[in-house]
Amino acid sequence: MRGSTDPTGPPVPPDPPPGLIVAWLGRLGPLAVAYAVFQALVGLLPEGLFGDAARYSLAVVSGVGTGACAWLAGALLRARSAAQGQRPEDGDGDGDAAGDGADDGLDGVPSPRGPRTAAAPAAAAPEPGQPGPLPGLSAASYATLADRLTVFDDPLRGRLTGWPHDLDEQPTPIRPTATGTAYGLHIALELGAPDGRLRASELVETLWRLRLPEGGWAARSQGVVGRPEVTALVLGALARAGADPQRLAAEAERCTARFSRELEPAGVEMTHVVTTVLRGLLRAAPDSPALPILRDALVDGAVTDPARGHRRCWGARLTPLRGRAVTPSSVHTAQAVVALDRAARLFGEDANARASREEGVRWLLSCPGPAHDGCEDLESSHDTVRRPHPVDASRHEVLSVRHFASAWVMRALLTPGAVATAADEGQEATWQELLSGAAASVWRQQDGGIWSWDGGDLAYPMWMTYQGLSALRAHAVWMYQPGT
């Protein structure tokens, strides 16, 4: 595991790779291992075991077998290392995930993984006046998004320009989705769209065309009924792109009207859904009367964690399921901290909301992990939102939601409220260590500016690249010092 680093000083050297001793044995010592096993067995086996010939034969066979195993283990590790250094060229940003990369670069962030066509040398700290690695990463992200942009002529909705949920979906062109295109719009706005390959106006028009007949938007797996978490995501992207405020307000009102315990019993109990709706409405409908209600529901859903000084935090659910206790979660605590901080900046907060938000920050700052670039708080997770099917009552609509923990922890620690809380508590050093560790973890999970989710299908989700990019760019802005 890579050690934690301090952005103001040199990086801590990483621990030796766990397979290094085995590799040495496989490369240098098979004969030594075989001889050691032979000698040990000769001394341990009883002399009366079918005579000396049988005893020595068994020792020889065991020694040779153990030495061969050591040699094979070393050869396997060398082959894996060579394979990771030479990746197949695919040219579309969908390269397989590899190791952690080279030595650490600036601000405690590991250097980017090498290009997909060859092994990359370690990236050294840039000379004074030279750019760091983030501009190159942003350019690579933009190039891949522009290359994977799809145009689809839908017979019912017209010309659709955008992306599906995942960057490696086949075949192409594939019909853009509301989720993929909304995150793609966020990325284009994040990067500033340096040329005309990604036009925000076309993406905005596509999102309006993907609106469902009765209002709102839904994920591809959800069907014909608008869902609040997807609707809020799309509205937030549209608002960021400067869409018509009156049109946004009308859609936001429909969204909040449906977001009730009677119509959305599953959604109102999920921390992810409530925080997503709250963040989307803060952008799209800042005057909505639903905002304080959602804020209070989020505050009321906090739990206390005896393992971390009984501090308040959040789990996946705002209400326990069938009497089971809610398990504290770094992802959901970070989501709640981000949403509550943004709400406080827009329309203020009462004493209870402020206490809950600050307790959530303290809970994150009390992470017990010894190395904060790979601790338990940075382990990504997923939720399952299960709803009755809108058409067939005998079935359920199941939505699996994955969470990029490192990016969420970064975003929570970079909120103004978290910075102030850390300063008030005298925990600036802890805050800096946790932030640097989360940044290192975020950087490590990208390749050529595209983030990948290990395991299973849809390994290059649009949302993950957006969250990784936005977190790193926010960190870079925070770390900027004029004149240095």
Side-chain angles (χ1 to χ4, degrees), residues 219 221-222 227-230 232 255-256 258-281 290-343 349-369 375-390 393 395-405 408-409 412:
S221 62
Q222 290 178 318
R227 295 304 184 186
E229 66 273 20
V230 182
C255 176
T256 56
R258 285 193 53 83
F259 195 49
S260 65
R261 191 167 296 276
E262 293 74 24
L263 298 175
E264 276 284 345
V268 297
E269 296 180 350
M270 303 291 293
T271 303
H272 156 72
V273 176
V274 172
T275 55
T276 300
V277 174
L278 182 55
R279 294 195 317 273
L281 293 181
L291 289 173
I293 298 173
L294 291 171
R295 189 270 314 274
D296 293 344
L298 186 58
V299 169
D300 292 342
V303 297
T304 57
D305 183 9
R308 299 196 188 184
H310 293 275
R311 296 178 176 89
R312 276 183 275 189
C313 58
W314 282 263
R317 300 183 60 84
L318 297 175
T319 56
L321 181 62
R322 300 184 184 92
R324 290 182 288 180
V326 175
T327 303
S329 161
S330 60
V331 163
H332 299 94
T333 299
Q335 290 174 350
V337 167
V338 170
L340 291 175
D341 190 271
R342 293 183 184 180
E349 59 186 349
D350 57 24
N352 190 32
R354 179 175 181 175
S356 296
R357 176 179 56 78
E358 292 179 344
E359 282 284 283
V361 173
R362 296 187 186 100
W363 187 91
L364 291 172
L365 292 174
S366 63
C367 172
C375 60
E376 185 177 347
D377 278 6
L378 303 183
E379 294 180 2
S380 294
S381 61
H382 73 277
D383 291 340
T384 299
V385 185
R386 185 182 297 271
R387 297 178 171 102
H389 194 276
R395 297 166 52 200
H396 278 84
E397 174 190 282
V398 179
L399 180 67
S400 181
V401 182
R402 296 176 287 181
H403 300 297
F404 189 1
W408 276 113
V409 170

Side-chain donor or acceptor of Ser380 paired with backbone N/O of His403 under 3.5 Å: yes
Of all heavy-atom pairs between Val273 and Gly267, which one has the smallest distance, and what is that distance? CB-O, 3.4 Å
Answer yes or no: is there a side-chain heavy-atom contact under 4.5 Å between Arg312 and Glu358? no
Which atom of Pro306 lies closest to which atom of Thr304, heavy atoms considered: CD-O, 3.6 Å
Please say which of Gln335, Met270, Glu229 ends up in a side chain to side chain contact (heavy atoms under 4.5 Å, CB included) with Thr276. Glu229
Side-chain heavy-atom pair Val338, Arg279 within 4.5 angstrom cut-off: yes
Let me confirm one number: the CD-CZ distance from Glu359 to Arg354, rounded to the nearest 0.5 Å. 12.5 Å
Asp377 versus Ala405, closest heavy-atom pair with distance: O-CB, 3.8 Å
Testing the basics here: between Asp383 and Ala316, what is the closest heavy-atom pair and its distance to 0.1 Å? OD1-CB, 3.7 Å
How close do Val331 and Ser381 get, heavy atom to heavy atom, and via which atoms? CG2-OG, 4.0 Å
Rounded distance [0.5 Å steps], OG in Ser356 versus CZ in Arg295: 10.0 Å
May I ask you to decide if Trp363's main-chain N or O and Ser366's side chain share a donor-acceptor pair within less than 3.5 Å? yes
Report yes if the side chains of Leu298 and Leu318 come closer than 4.5 Å at any heavy-atom pair, otherwise no. yes
Which value, rounded to the nearest 0.5 Å, describes the distance between Asp296 atom CG and Leu291 atom CG? 11.0 Å
Nearest 0.5 Å, please: how far is CD1 in Ile293 from CG in Leu278? 11.5 Å
Heavy-atom check, side chain of Val303 versus side chain of Cys313, under 4.5 Å: yes
Between CD of Glu397 and CD of Gln222, what distance do you get to the nearest 0.5 Å? 4.5 Å
Determine, step by step, whether Arg317 and Glu269 satisfy the salt bridge (charged side-chain N to carboxylate O under 4.0 Å, His left out) criterion, reporting the C-alpha distance in whole Å, the side-chain angles of both residues, the deciding distance to 0.1 Å, and the verdict. CA-CA 6 Å; Arg317 300 183 60 84; Glu269 296 180 350; 2.3 Å; yes
Any side-chain heavy-atom pair from Leu378 and Val409 closer than 4.5 angstrom? yes
Got a second to check how far Cys367's SG is from Glu376's CD, nearest 0.5 Å? 8.0 Å
Show the nearest heavy-atom pair for residues Pro328 and Asp305, with the distance to one decimal. CG-CG, 3.8 Å
Counting neighbours of CZ on Arg308 that are heavy atoms of other residues, nucleotides or ligands and sit closer than 6.0 Å, is the number greater than 12? yes
Heavy-atom check, side chain of Arg386 versus side chain of Val398, under 4.5 Å: yes
Close side-chain approach of Val274 and Trp314, heavy atoms under 4.5 Å: no
Using modelled atom types and a 3.5 Å cut-off, is there a donor and acceptor pairing between side-chain atoms of Thr333 and backbone atoms of Gly360? no
